[in-house]
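Each remark here refers to the structure printed beneath this line.
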Amino acid sequence: MSNVPNSSAAPVVRTRFAPSPTGEMHIGGFRTVFYSWLLARKYNGQFILRIEDTDQVRSKERVIDNLIEGFNWLSLNFDEGPAISGQYGPYYQSDRLGIYAHYAAQVLEKGHVYPCFCSEERLDTLRQEQQKRGLATTGYDRKCRNLPEKEAAQRMADGEPFVLRLKVPLNGFTVLQDALRGEMKFNNALLEDSVMIKSDGYPTYHFASIIDDHLMKISHILRGDDWLPSFPLHGLLYTYLGWEMPVIAHVPNVLGDDGKKLSKRHGAEPVLLYKGRGYLPEAILNFLALLGWAYDEQSEIFTVDELIDKFSLERVHTSPAKFDTTRLLWMNGIYIRKLSIEELVKNVLPFLEAPEADGGLPDSVARPLDRAYLRSFIHLDQERMKTFADAAFLTAFFFVDDLEYLPELLIDKKIDAAGALCALHMAYNALTGLATWDHDSIEQALRNVAAEMGVKAGPVFMGVRVAVTGRKETPPLMETMLVLGRERCLRRINIAIQRLETIQVSAETAQ
RNA sequence: GGCGCAUUCGUCUAGUGGUUAGGACGCUGCCCUUUCAAGGCAGAGAUCACGGGUUCGAGCCCCGUAUGCGCUGCCA
């Protein structure tokens with residue numbers, strides 16, 4: 001970086017998402033990432049993807065496809081990262097080993113870090129003993145901290161395995177700024193000589209992330225507040241390296257229903273799972289944004305652009321929030337209702353065409369579906385859907401040939417079996433004789449039936465509704481019948497009449 | 001055990017020393033209405049975790065306590 005003329009201008013905002021490839025990205029951690037993205041976009045900065053694959057044992061293959069797919073679904077883009085390139089790469093930490101080695105040598109020379117030759121077995125038994133004795137302070141006993149320089153150098157040269165530990169101050173305080181909480185004071189006496197470089201030569205998170213954040217010119221770091229305990233370690237590292245610390249905000253974790261941190265092990269679900277469940281990305285984002293952040297007293301529905309405009313770190317909470325699925329459902333419904341018919345059809349189609357076992361329409365319905373037909377009625381279900389996964393159940397009777405339902409449903413509470421049967425008969429005749437099959441004609445015909453029978457229209461409507469759809473809850477009757485067409489309606493009413501008759505017969509014989 | 005963070009209706013939250021503690025989800029009732037939704041209206045629901053201070057006055061400031069969560073690895 002050369003001396004740019006506008007060096008006095010506000011520094012570029014660069015934020016990052018730095019996952020370890022040990023599993024899928026889940027919804028809990030994602031909220032924090034979203035805030036990072038918002039920040040970068042708000043200030044026209046950059047959002048960087050960096051893969052922290054420094055755990056050779058646990059890191060899976062270099063699969064970031066799934067991760068990228070999740071971000072794509074939500075329309076969140078990276079400016080730099082693996083497979084995207086960028087001038088601050090490489091973006092896999094395992095490709096940056098040389099860089100870490102360089103800085104490790106530097107801090108080793110300065111004496112901020114020391115080699116430790118203790119075996120994992122020794123550390124294990126040490127920990128066990130400390131626990132057994134109920135010691136106030138646990139952790140590494142600093143056995144190797146004061147090894148004579150010569151001896152340490154000799155053992156390293158001899159090829160004895162070692163790790164590099166941070167030589168933390170034994171007293172005093174480390175004072176740091178958290179963007180959300182302000183000044184934080186940590187007692188150095190309580191700190192540990194944490195491992196910076198493992199015996200396999202790989203850095204730990206503490207070491208690698210700080211070097212990369214600096215080299216990649218990250219300006220704001222947002223991370224879970226489970227990192228708070230190691231915050232002083234990082235502060236120390238920055239001073240040892242002689243670097244300025246970026247703005248760091250420890251954002252509270254998202255909690256599950258039980259109040260425990262959402263994690264891979266604990267109820268956290270991959271973001272993409274919500275796609276499969278029929279949620280809209282806009283709804284997820286809007287909902288997540290409000291989990292730990294609020295703009296004002298009453299605003300709740302924000303487009304992504306509005307969030308970019310209005311988001312600010314100052315209004316991010318320090319207290320954790322529970323992930324309330326019910327509220328998400330409500331918000332998803334709001335976004336579904338905003339969709340155009342074309343968008344609705346597009347979204348709903350894959351859910352309807354899915355196999356029955358996966359929640360799609362009955363397998364008896366031929367695929368692919370008739371798009372034009374779907375388009376003709378899907379608006380009737382738009383305000384009844386909380387997720388697209390509801391569509392199959394809601395629309396089944398528009399597609400299926402044979403309705404399955406309990407004949408008892410045909411008898412409304414406000415009418416008896418005989419009345420219900422009579423109404424269906426009369427409705428059948430009236431509808432057959434209709435000059436035109438339109439909304440008002442159908443309604444008038446059915447109202448006439450009720451009038452002739454001397455009953456209210458409700459029970460008549462309900463009988464026809466069940467006959468024609470097999471359900472008691474449906475979109476408005478006339479609109480539904482219009483979609484189904486006269487022929488199908490009459491056939492279904494006819495079948496309903498037969499079913500009612502068999503009930504009556506069996507009821508009579510039972511007497 | 002040690003250390004840290006947090007604490008306003010069941011849930012998400014507004015609130016930055018003086019408010020009848022506001023909104024939303026959910027819940028209940030009513031309206032609309034051919035059912036269900038959606039929408040509208042109304043209601044129940046918070047002694048602001050508890051106890052001390054500071055102050056004329058505290059949800060807001062300070063100190064304790066309790067509870068919850070997190071960290072306490074050659075994982076991140």
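Residue numbering restarts at 1 for every chain, and letters A, B, ... go by the order of the sequence lines.
Within the 4.5 Å cutoff, no side-chain heavy atoms of A:Phe397 are placed close to those of A:Val468. Counting heavy atoms from C-beta on, the side chains of A:Glu183 and A:Gln177 come closer than 4.5 Å.
For A:Asp124, the salt bridge (charged side-chain N to carboxylate O under 4.0 Å, His left out) criterion is met by A:Arg127, not counting sequence neighbours. In this view, A:Asp212 and A:Arg50, A:Arg96 satisfy the salt bridge (charged side-chain N to carboxylate O under 4.0 Å, His left out) rule, not counting sequence neighbours. For A:Glu120, there are no salt bridge (charged side-chain N to carboxylate O under 4.0 Å, His left out) partners at least two apart in sequence or on another chain.
The partner of B:rU54 cannot be assigned: no Watson-Crick or G-U wobble pair with both contacts below 3.5 Å exists in any strand. Base pairing of B:rC75: no nucleotide in any strand meets the Watson-Crick or G-U wobble criterion (both distances under 3.5 Å). Partner assigned to B:rC41 is B:rG29, using Watson-Crick or G-U wobble distances below 3.5 angstrom. Base pairing of B:rC9 is not made with any nucleotide, judged by Watson-Crick or G-U wobble geometry with both donor-acceptor distances under 3.5 Å. Under the Watson-Crick or G-U wobble criterion, with both distances below 3.5 Å, B:rC69 is paired with B:rG4.
Checking A:Arg447 against A:Ala321, the closest nucleotide of RNA chain B that is more toward the 5' end is the one next to A:Ala321.
Checking A:Thr174 against A:Asn188 by side-chain atom types alone, a donor-acceptor pair falls below 3.5 Å.
Listed by first then second residue, pairs satisfying ring-ring contact (aromatic ring centres under 6.0 Å, His included) with a partner in residues 281-303 of chain A read A:Phe287-A:Phe323, A:Trp293-A:Phe302, A:Trp293-A:Phe311, not counting sequence neighbours. Residue pairs satisfying the side chain to side chain donor-acceptor pair (under 3.5 Å) criterion with at least one member in residues 453-478 of chain A, sequence neighbours excluded, are listed as follows: A:Arg465-A:Thr474.
Following rounding to the nearest Å, A:His317 (NE2) and B:rG15 (C1') show an atom-to-atom distance of 11 Å. When rounded to the nearest whole Å, the span between CG of A:Leu176 and C1' of B:rC3 equals 15 Å. Rounded to whole Å, the distance from CD on A:Glu479 to P on B:rU35 is 13 Å. We find that CD1 of A:Ile334 is positioned 12 Å from C1' of B:rG39, with the value rounded to whole Å. One atom, CG of A:Leu233, and another, P of B:rC3, lie 18 Å apart when rounded to the nearest Å. The CD atom of A:Glu183 sits 15 Å away from the P atom of B:rG4 (whole-angstrom rounding). For A:Tyr140 and B:rC3, the OH to C1' distance is 21 Å, given to the nearest whole Å. Between the CZ atom of A:Phe323 and the C1' atom of B:rC69 there is a distance of 19 Å, given to the nearest Å.
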Can you pull every protein N or O that's under 3.5 Å from an N or O on nucleotides 5-7 of chain B?
| from | atom 1 | to | atom 2 | distance (Å) |
| --- | --- | --- | --- | --- |
| B:rC5 | O3' | A:Arg181 | NH1 | 3.3 |
| B:rC5 | O2' | A:Arg181 | NH1 | 3.1 |

Might you list the N or O atoms of the protein lying below 3.5 Å from N or O atoms in nucleotides 74-76 of chain B, with each pair's distance?
| from | atom 1 | to | atom 2 | distance (Å) |
| --- | --- | --- | --- | --- |
| B:rC74 | O2 | A:Ser199 | N | 2.8 |
| B:rC74 | O2 | A:Ser199 | OG | 2.7 |
| B:rC74 | N3 | A:Ser199 | OG | 3.0 |
| B:rC74 | N4 | A:Cys118 | O | 3.4 |
| B:rC75 | OP2 | A:Lys198 | NZ | 2.8 |
| B:rC75 | O4' | A:Arg58 | NH2 | 3.3 |
| B:rC75 | O2' | A:Asp55 | OD2 | 2.9 |
| B:rA76 | OP1 | A:Thr54 | OG1 | 2.9 |
| B:rA76 | OP1 | A:Lys198 | NZ | 2.7 |
| B:rA76 | OP2 | A:Tyr205 | N | 3.2 |
| B:rA76 | O3' | A:Glu52 | OE1 | 2.9 |
| B:rA76 | O2' | A:Ser20 | OG | 3.4 |

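Residue A:Arg223 is out of contact with every strand shown, counting any heavy-atom pair closer than 4.0 Å.
Salt bridge present: A:Arg122 and A:Asp141 bring a charged side-chain N and a carboxylate O closer than 4.0 Å. Electrostatic pairing of A:Asp390 and A:Arg384 does not count as a salt bridge here, judged by no charged N lying under 4.0 Å from a carboxylate O. Salt bridge present: A:Arg16 and A:Asp213 bring a charged side-chain N and a carboxylate O closer than 4.0 Å.
Taking atom P in both B:rA24 and B:rG39, one finds a spacing of 12 Å when rounded to whole Å. A distance of about 24 Å separates the P atoms of B:rA38 and B:rU13, rounded to the whole Å. Separation of the P atoms belonging to B:rU28 and B:rA44 is 16 Å when rounded to the nearest angstrom. When the P atom is compared between B:rG15 and B:rG22, the two are found 14 Å apart, to the nearest whole Å. To the nearest whole angstrom, the two P atoms, one in B:rA37 and one in B:rC27, are 10 Å apart. The P atoms of B:rG53 and B:rA58 are separated by 11 Å, rounded to the nearest whole Å. Here, B:rC32 and B:rA42 have their C1' atoms 15 Å apart, quoted to the whole Å.
Near RNA chain B, meaning a heavy atom under 4.0 Å from it, residues 469-477 of chain A has A:Lys472, A:Glu473, A:Thr474, A:Pro475, A:Pro476, A:Leu477 in order of number. Of the residues in residues 287-295 of chain A, those placing a heavy atom less than 4.0 Å from an atom of RNA chain B are A:Leu290, A:Leu291, A:Gly292, A:Ala294, in numerical order.
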Identify every side-chain donor-acceptor pair in residues 445-452 of chain A under 3.5 Å, counting partners at least two apart or on other chains, and give the distances.
| from | atom 1 | to | atom 2 | distance (Å) |
| --- | --- | --- | --- | --- |
| A:Arg447 | NE | A:Glu443 | OE2 | 3.0 |
| A:Arg447 | NH2 | A:Glu443 | OE2 | 2.8 |
| A:Asn448 | ND2 | A:Gln444 | O | 3.3 |

Show me the side-chain donor-acceptor pairs of residues 249-259 of chain A shorter than 3.5 Å, one per line, residues at least two apart or across chains.
| from | atom 1 | to | atom 2 | distance (Å) |
| --- | --- | --- | --- | --- |
| A:His250 | ND1 | A:Asp178 | OD1 | 2.8 |
| A:His250 | NE2 | A:Arg223 | NH1 | 2.8 |
| A:Asp258 | OD1 | A:Lys260 | N | 3.0 |
| A:Asp258 | OD1 | A:His266 | NE2 | 3.4 |
| A:Asp258 | OD2 | A:His266 | NE2 | 2.5 |

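Both cation-pi conditions hold for A:Lys338 and A:Tyr335: the charged atom is under 6.0 angstrom from the six-membered ring centre and inside a 45 degree cone around its axis. Both tests do not hold together for A:Arg488 against A:Phe398: distance to the six-membered ring centre under 6.0 Å, angle to the ring axis within 45°. Under a cutoff of 6.0 Å and an axis angle of 45°, A:Arg277 and A:Tyr274 form a cation-pi pair.
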Legend entry - side-chain hydrogen bond (donor to acceptor under 3.5 Å, both in side chains) between A:Tyr114 and A:Asp193, worked out: CA-CA 9 Å; A:Tyr114 65 90; A:Asp193 289 359; 2.7 Å; yes
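With ring centers used as reference points, A:Phe30 lies under 6.0 Å from A:Phe71.
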Inset, instruction - Summarise how protein sits on nucleotides 19-32 of chain B as a single string, 5' to 3': B when a protein heavy atom is under 4.0 Å from the base, S for sugar-phosphate-only contact, - for no contact. - result: ---BSBSS------
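When the side-chain nitrogen and oxygen atoms of A:His379 are compared with OP1 and OP2 of B:rA37, none of them lie within a distance under 4.0 Å.
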